Asks: 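Quick one: the structure is below, questions incoming.
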Amino acid sequence: MAPYSSQLLQSFDARGYINQCTDPEGLDRLAAGPEPVVAYVGYDATADSLHVGHLVSIMMLRCLQRAGHRPIVLMGGGTTKVGDPSGKDETRRLLTGEQIAANIAAIERTFRNFLEFDSGPNPALLVNNADWLDGLAYIPFLRDIGRHFTINRMLTFDSVRMRLDREQPLTFLEFNYMILQAYDFLELGRRLGCRLQMGGSDQWGNIVNGIELARRVGGHELYGLTTALITTASGAKMGKTEAGAVWLSPDRLSPYDYWQFWRNTEDADVGRFLRLFTEEPLDEIARLEQLGGAEINDAKKLLATRATALAHGEAAAREAGETARRTFEQGALADGLPTVEVPRSELESGIPAFQLLRRAGLADSNGEARRLIKGGGGKLNDVRIDEAETPVDAGALNADGILKLSAGRKRHALVRAV
């Protein structure tokens, strides 16, 4: 189509957020109109933190709010009880109501770093779909909503076909997920005037279902927009590392490790990631992505600092950058490194190196820690650990009762004796 006329879609397009849109011309007219567009992204509360894989949609909500429109964060207090089969080979573990509520409360804290909820002309809303899903009566819901869905069509969706093709079980509970997500879109349109649902490309079928459901029951005209699932230049899935998911909560991943994740971006991804995950001006990004050699590291540090400031605040970003500078440029034992406390009595007896690496968060399991050491990546106070069973004792502590562990050249943690 011709260039967009609305600030919203111009910004989305320039930043690289748009993959598919159900009606680009119609959405552009709506966004250029006098009334703010109300838009939502849904997040199930399967853990107490979101991760970098969710970050594009969070940045889209932030961009939307800054363009004068109203974002809705829809927490899946109801749909988490069912489980989205999209992209999954097996049934999700079912959580209790108390676990889901605790996860939602923890996730909300992350969103408050990205969105303004309490002031301004277009404050964000955090809504829980349990408010309408938990009270549904089964037979009336089947009669009024279920009749608009055919099994023939539902069997064509990737989330269903992938399970069936791999002969993995798909429960009837999960099979209902797409109907519930479609109903969410209809309900948000009725309750809050929501006209747009955004999400990753794996949600395209679910989004289209909601639009078609609204059309059939006489609801608002709705729109859908997806972003491409992000992979790195080398083809790896965005946000997956050897240590696991890159969490957005500081309780799951320290601001320093978060900063380091972005600092380790591949050269070819720097410009794209600056557009997607920061608010750096586009002309400055165009300049930065032309840098070569050692200069590209300055662009990576800027990416790390800007991305960390959004997720954890300016102070945490500055501290993480300074910690990295002292650690790598000066070889100092910086206080800002992730720290784990270990009873001095245990260190006096000696702890096998592989166990201490796991306890320090540098490996997810004892087996992973053993493989790290075998591959030459485990270090104690910058000295390679040769054997996984090597005991680490109090003799490794410095005068302040601290020792340093490393996994490779870029991941470090401190162990403090208490």
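These numbers were taken from a predicted model, which means no experiment stands behind them.
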Asks: Please report the interatomic distance NE2(His312) to OH(Tyr256), rounded to the nearest 0.5 Å.
Replies: 14.0 Å
Asks: Would a 4.5 Å heavy-atom cut-off, applied to side chains only, mark Trp132 and Leu188 as touching?
Replies: yes
Asks: Do the non-hydrogen side-chain atoms of Arg216 and Arg147 ever get within less than 4.5 Å of each other?
Replies: no
Asks: Backbone N or O of Ala245 within a donor-acceptor pair of the Arg252 side chain at under 3.5 Å?
Replies: no
Asks: Among pairs that include at least one residue of residues 115-130, which meet side-chain hydrogen bond (donor to acceptor under 3.5 Å, both in side chains), considering only residues two or more places apart or in two chains?
Replies: Thr79-Asn129, Arg112-Asp118, Glu116-Ser119, Asn129-Asp184
Asks: If we only count heavy atoms from C-beta on, is the Glu319 to Thr323 side-chain gap below 4.5 Å?
Replies: yes
Asks: Do Arg370 and Ser365 make a side-chain contact, defined as non-hydrogen atoms from C-beta onward lying under 4.5 Å apart?
Replies: no
Asks: Over 60° means perpendicular and under 30° means parallel, so tell me whether Phe261 and Tyr258 are parallel, tilted or perpendicular.
Replies: tilted
Asks: Spell out, as yes or no, whether a donor-acceptor pair under 3.5 Å connects the side chain of Arg195 to the backbone of Glu221.
Replies: yes
Asks: Would you kindly say whether Trp262 and Thr308 are connected by a side-chain donor-acceptor distance under 3.5 Å?
Replies: no
Asks: Is it true that Asp131 and Arg191 make a salt bridge, defined as a side-chain N closer than 4.0 Å to a carboxylate O?
Replies: no
Asks: Walk me through whether Arg29 and Leu27 qualify under side-chain contact (heavy atoms from CB on, under 4.5 Å).
Replies: CA-CA 5 Å; Arg29 286 193 300 270; Leu27 180 58; over 6 Å; no
Asks: What is the distance from atom NZ of Lys404 to atom CD1 of Ile402, rounded to the nearest 0.5 Å?
Replies: 12.0 Å
Asks: What's the shortest heavy-atom distance between Gly76 and Asp44, and which atoms?
Replies: CA-OD1, 3.5 Å
Asks: So does Ala45 get a backbone contact from the side chain of Thr80, meaning a donor-acceptor N/O pair under 3.5 Å?
Replies: yes
Asks: Look only at the side chain of Lys300 and the backbone of Thr265, and say whether a donor-acceptor pair between them is shorter than 3.5 Å.
Replies: yes
Asks: Of all heavy-atom pairs between Leu8 and Leu64, which one has the smallest distance, and what is that distance?
Replies: CD1-CA, 3.7 Å
Asks: Quick one: are Leu196 and Tyr40 in side-chain contact, heavy atoms under 4.5 Å?
Replies: no
Asks: So Asn264 and Gln260, side-chain contact (heavy atoms from CB on, under 4.5 Å) or not? Walk me through it.
Replies: CA-CA 6 Å; Asn264 294 333; Gln260 279 294 334; 3.9 Å; yes
Asks: Ser49 side chain to Ser249 main-chain N or O, any donor-acceptor pair under 3.5 Å?
Replies: yes
Asks: Per the salt bridge (charged side-chain N to carboxylate O under 4.0 Å, His left out) rule, which among Glu289, Glu280, Glu284 passes with Arg275?
Replies: Glu289
Asks: Is there side-chain contact between Leu225 and Leu9, with heavy atoms separated by less than 4.5 Å?
Replies: yes
Asks: Spell out, as yes or no, whether a donor-acceptor pair under 3.5 Å connects the side chain of Asp28 to the backbone of Pro24.
Replies: no
Asks: So, using side-chain hydrogen bond (donor to acceptor under 3.5 Å, both in side chains) as the criterion, who are the partners of Ser234 when residues are at least two apart?
Replies: Thr232, Glu266
Asks: Applying side chain to side chain contact (heavy atoms under 4.5 Å, CB included) between Val73 and each of Val127, Leu115, Val41, report the one that passes.
Replies: Leu115
Asks: When you check the side-chain N and O atoms of Asn206 and Gln203, is any donor under 3.5 Å from an acceptor?
Replies: yes
Asks: Assert yes or no for the condition that the ring centre distance of Tyr43 to Phe111 is strictly below 6.0 Å.
Replies: yes
Asks: Can you confirm whether Gln197 sits close enough to Leu222 that some side-chain heavy atom of one is under 4.5 Å from a side-chain heavy atom of the other?
Replies: no
Asks: Going by the rule ring pair (Phe, Tyr, Trp, His ring centres under 6.0 Å), which residues pair with Phe149 if we only count those two or more places apart in sequence or in a different chain?
Replies: none
Asks: Can Arg359 and Glu341 be counted as an ion pair, charged N to O under 4.0 angstrom?
Replies: no
Asks: Would you check, one step at a time, whether the test side-chain hydrogen bond (donor to acceptor under 3.5 Å, both in side chains) holds for Tyr4 with Gln10?
Replies: CA-CA 6 Å; Tyr4 299 109; Gln10 287 175 4; over 6 Å; no
Asks: Donor-acceptor pair, distance only, cut-off 3.5 Å: does the side chain of Arg70 make one with the backbone of Pro123?
Replies: yes
Asks: Taking Asn209 for its side chain and Ile179 for its backbone only, find out whether a donor-acceptor pair lies under 3.5 Å.
Replies: no
Asks: Under a 4.0 Å N-O cut-off, is there an ion pair linking Arg153 with Glu212?
Replies: yes
Asks: How far apart are the closest heavy atoms of Val415 and Ala360, and which atoms are they?
Replies: CG2-CB, 4.5 Å
Asks: Got a second to check how far Leu126's CG is from Ile104's CD1, nearest 0.5 Å?
Replies: 7.5 Å
Asks: Which pair of non-hydrogen atoms, one from Asn381 and one from Ala396, has the smallest distance, and what is that distance?
Replies: ND2-O, 2.9 Å
Asks: State which residues pass side chain to side chain contact (heavy atoms under 4.5 Å, CB included) with Asp283; sequence neighbours excluded, sorted by chain then number.
Replies: Pro281
Asks: Would you call the rings of His54 and His51 parallel, tilted or perpendicular if under 30° counts as parallel and over 60° as perpendicular?
Replies: tilted
Asks: Hey, what do you get for CG (Leu180) to CD1 (Ile145), rounding to the nearest 0.5 Å?
Replies: 10.5 Å
Asks: Among residues at least two apart in sequence or on other chains, which ones pass side chain to side chain contact (heavy atoms under 4.5 Å, CB included) with Thr226?
Replies: Asn19, Gln20, Ser201, Trp204, Ile207
Asks: If we check side chain to side chain contact (heavy atoms under 4.5 Å, CB included) with Glu368, which of these qualifies: Asn366, Asp364, Leu372?
Replies: Asp364
Asks: Please confirm whether the backbone N or O of Ala363 pairs with a side-chain atom of Arg358, one donor and one acceptor, at under 3.5 Å?
Replies: no
Asks: Got a sec: does the CZ of Arg66 have more than 12 other heavy atoms crowding it under 6.0 Å?
Replies: no
Asks: Ser6 side chain to Ala32 main-chain N or O, any donor-acceptor pair under 3.5 Å?
Replies: no
Asks: Taking distance alone, no hydrogens or angles, what donor-acceptor pairs closer than 3.5 Å link side-chain atoms of residues 133-142 to residues at least two apart or in another chain?
Replies:
residue : atom : partner : partner atom : Å
Asp134  : OD1  : Lys81   : NZ           : 3.2
Asp134  : OD2  : Lys81   : NZ           : 2.8

Asks: Got Leu357 and Ile373 here, is their nearest side-chain heavy-atom distance under 4.5 Å?
Replies: yes
Asks: Determine, stepwise, if the pair Glu295 / Leu288 fulfils side-chain contact (heavy atoms from CB on, under 4.5 Å).
Replies: CA-CA 9 Å; Glu295 288 185 322; Leu288 291 168; over 6 Å; no
Asks: What are the two closest non-hydrogen atoms of Ala39 and Leu61, and how far apart are they?
Replies: O-CD2, 4.3 Å
Asks: For the CG atom of Leu403 and the CG atom of Leu380, what is their distance to the nearest 0.5 Å?
Replies: 6.0 Å
Asks: I need the Leu50 CG to Ser57 OG distance, nearest 0.5 Å.
Replies: 8.0 Å
Asks: Go through the steps to decide whether Arg190 and Val217 satisfy the test side-chain contact (heavy atoms from CB on, under 4.5 Å), and finish with yes or no.
Replies: CA-CA 11 Å; Arg190 289 170 170 172; Val217 302; 4.0 Å; yes
